Amino acid sequence: MQDFHHKMVPAIGMCTEYNAEGHRAIYDHISSILENEPASVDAQTPPALVFYAMRNVLRPDFILGQIPFLLDCLAMVDKLREYAVKASSVALSWQEYYAKELISDPDMTLLTEKELKKVQDYVANDERDRLHYILVTKNLCLLHVYYLVTAPESFMLAEHLNDYFPGCFPGHDIPSKLLFHHGLSESEKQIMEETYQECKEWLLDVTQWEEEREEEQEQLLETLTAEQADAAFQQAFRERFPPPFSQEELVSDLDDYLDIVERMIRRLEDYFPSAKVLDRFKWAT
């Protein structure tokens, strides 16, 4: 663990040079916990590492092959948001209680009007922010399926489809390995079901298109190298099937969500520096 922290510190910005070893150490650390101890991932992974790991997948270039990892990190961030919202609700209850005690203890310190408004907003915006998370999650699933169809790791498409849409293969009810399925409401499950139907119809169209151009592909292989034929296929695919949405807009939506949660955590820690409300509530749940 000491060696891990030695690699981590420069990687997250405490030195001026890019540190590939530190980046890999952070990724391996989170991935190992997700794979071996998913139930304890919240307790063992500092929020700063999760935010950093996600942004490192998104920039400088979005690494589409890392979307499953990104989805698990995103689920962890939403869990942090849930903790923060519950802690905010508790803080509001104590604010109301102690506001009545000011008469007997005039030295008591309460949240300022500005701080109180922020904490109230965190609770009031809970449903909106949760929907933001769900919509980003389902769009990441769709983008990864789109990427996998022509990716070198396309042989893993069926496995990832099952992870995104458990039970999509009749007779093969294999539980998903991804964290975002835990705690979905009925309406959220409906969103994922509709996303699956959309994805299924699209994949059927792709399969039909591939069958229709199979003869053309064979002819290309007679005159082109395998690499050239594959490049021609990729271009034809992109022309026939453009991405389901703007990749840049999805990254922007995800950035917005991360900023919302990160600011929420930082402000709560500023408002309650000694009580450590977020940490104490987290361990109690």
Side-chain angles (χ1 to χ4, degrees), residues 26-45 49-50 53-54 57-58 62-82 130-211 237 241 243-245 247 250 253-254 257 285:
I26 292 171
Y27 173 80
D28 289 345
H29 174 70
I30 298 176
S31 295
S32 176
I33 297 174
L34 287 169
E35 181 176 352
N36 300 311
E37 303 175 78
S40 64
V41 68
D42 295 327
Q44 293 196 42
T45 311
L49 282 193
V50 180
M54 294 183 69
V57 171
L58 297 175
F62 192 172
I63 308 173
L64 299 180
Q66 291 296 327
I67 285 179
F69 172 77
L70 195 63
L71 282 164
D72 272 341
C73 287
L74 182 58
M76 293 160 64
V77 169
D78 193 64
K79 185 60 67 174
L80 287 168
R81 186 193 61 78
E82 287 183 5
R130 173 68 178 185
L131 180 60
H132 189 164
Y133 158 72
I134 291 296
L135 294 179
V136 169
T137 294
K138 70 104 169 173
N139 284 340
L140 284 171
C141 293
L142 288 175
L143 183 60
H144 194 228
V145 171
Y146 178 84
Y147 159 78
L148 282 174
V149 169
T150 59
E153 61 268 38
S154 59
F155 64 93
M156 299 182 66
L157 177 59
E159 178 183 342
H160 286 297
L161 280 172
N162 182 79
D163 277 338
Y164 300 149
F165 313 111
C168 64
F169 297 106
H172 299 277
D173 190 13
I174 304 173
S176 172
K177 301 186 295 291
L178 297 178
L179 298 178
F180 78 80
H181 286 289
H182 300 167
L184 290 179
S185 68
E186 290 305 313
S187 61
E188 292 165 352
K189 290 177 182 178
Q190 182 62 33
I191 289 174
M192 293 308 299
E193 173 60 27
E194 292 171 357
T195 303
Y196 165 64
Q197 294 300 329
E198 176 185 346
C199 186
K200 178 181 176 181
E201 292 176 10
W202 180 80
L203 285 172
L204 288 173
D205 288 343
V206 170
T207 300
Q208 181 178 351
W209 174 79
E210 287 180 323
E211 291 173 350
F237 173 81
F241 300 102
F245 36 75
Q247 185 173 305
L250 177 55
D253 287 344
L254 182 48
Y257 181 78
T285 55

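The model shown is predicted, which means the values in this text are computed figures rather than measured ones.
- Here the CD1 atom belonging to I134 is positioned 8.0 Å from the CZ atom belonging to F180, to the nearest 0.5 angstrom.
- Distance CG/L64 to CD/Q247: 5.0 Å, rounded to 0.5 Å.
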**Item:** Residues L179, L74; criterion side chain to side chain contact (heavy atoms under 4.5 Å, CB included); working and verdict
**Value:** CA-CA 9 Å; L179 298 178; L74 182 58; over 6 Å; no
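- Considering all non-hydrogen atoms of both residues, V206 and F241 come closest at CA-CZ, 3.7 Å.
- Judged as a salt bridge (charged side-chain N to carboxylate O under 4.0 Å, His left out), not a single pair has a partner in residues 139-149 (not counting sequence neighbours).
- The minimum heavy-atom distance between C141 and M192, with the atom names listed, is SG-CE, 4.3 Å.
- A 4.5 Å side-chain heavy-atom check between I191 and L184 finds every atom pair outside the cut-off.
- For the pair K200/C168, no side-chain contact is recorded, criterion being any heavy-atom separation below 4.5 Å from C-beta on.
- Applying the side-chain hydrogen bond (donor to acceptor under 3.5 Å, both in side chains) criterion to Q197, with sequence neighbours excluded, gives E193.
- Under a 3.5 Å cut-off, the side chain of H132 and the backbone N or O of D253 do form a donor-acceptor pair.
- When atom types are taken as modelled, the side chain of Y146 and the backbone of F245 share no donor-acceptor pair closer than 3.5 angstrom.
- Counting heavy atoms from C-beta outward, E159 and K177 have side chains that approach closer than 4.5 Å.
- Heavy atoms only, all atoms of each residue included: V50 and C73 are closest at CG1-O, 3.6 Å.
- Legend: salt bridge (charged side-chain N to carboxylate O under 4.0 Å, His left out) pairs involving residues 130-147, not counting sequence neighbours, sorted by first then second residue: D78-R130, E82-R130, R130-E188.
- Pairing each heavy atom of H181 with each of P166, the nearest pair is CE1-CD, 3.4 Å.
- Between L71 and D163, every side-chain heavy-atom pair lies at or beyond the 4.5 Å cut-off.
- Rounding to the nearest 0.5 Å gives a distance of 11.0 Å between CG of L58 and CD of Q66.
- Looking at E194 and Q190, their side chains do bring a donor and an acceptor atom within 3.5 Å of each other.
- Distance CG/L178 to CG/L140: 11.0 Å, rounded to 0.5 Å.
- With contacts defined as side-chain heavy-atom distances shorter than 4.5 Å, the pair L254/N139 does not qualify.
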**Request:** Carefully, step by step, assess M76 and K79 under the rule side chain to side chain contact (heavy atoms under 4.5 Å, CB included).
**Result:** CA-CA 5 Å; M76 293 160 64; K79 185 60 67 174; 5.6 Å; no
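- Residues T195 and Y164 have side chains not in contact (no heavy-atom distance under 4.5 Å, counting atoms from C-beta outward).
- Here L148 contributes atom CG and F155 contributes atom CZ; the two are 9.5 Å apart, rounded to the nearest 0.5 Å.
- Note that the CG atom of L143 and the OH atom of Y147 stand 10.5 Å from one another [nearest 0.5 Å].
- When all heavy atoms of E153 and G65 are compared, the pair lying nearest together is OE2-CA, 4.1 Å.
- Inter-residue side-chain proximity for C199 and L161 is flagged as met; some heavy-atom pair is nearer than 4.5 Å.
- Side-chain contact between L135 and Y257 is absent, with no heavy atoms from C-beta onward closer than 4.5 Å.
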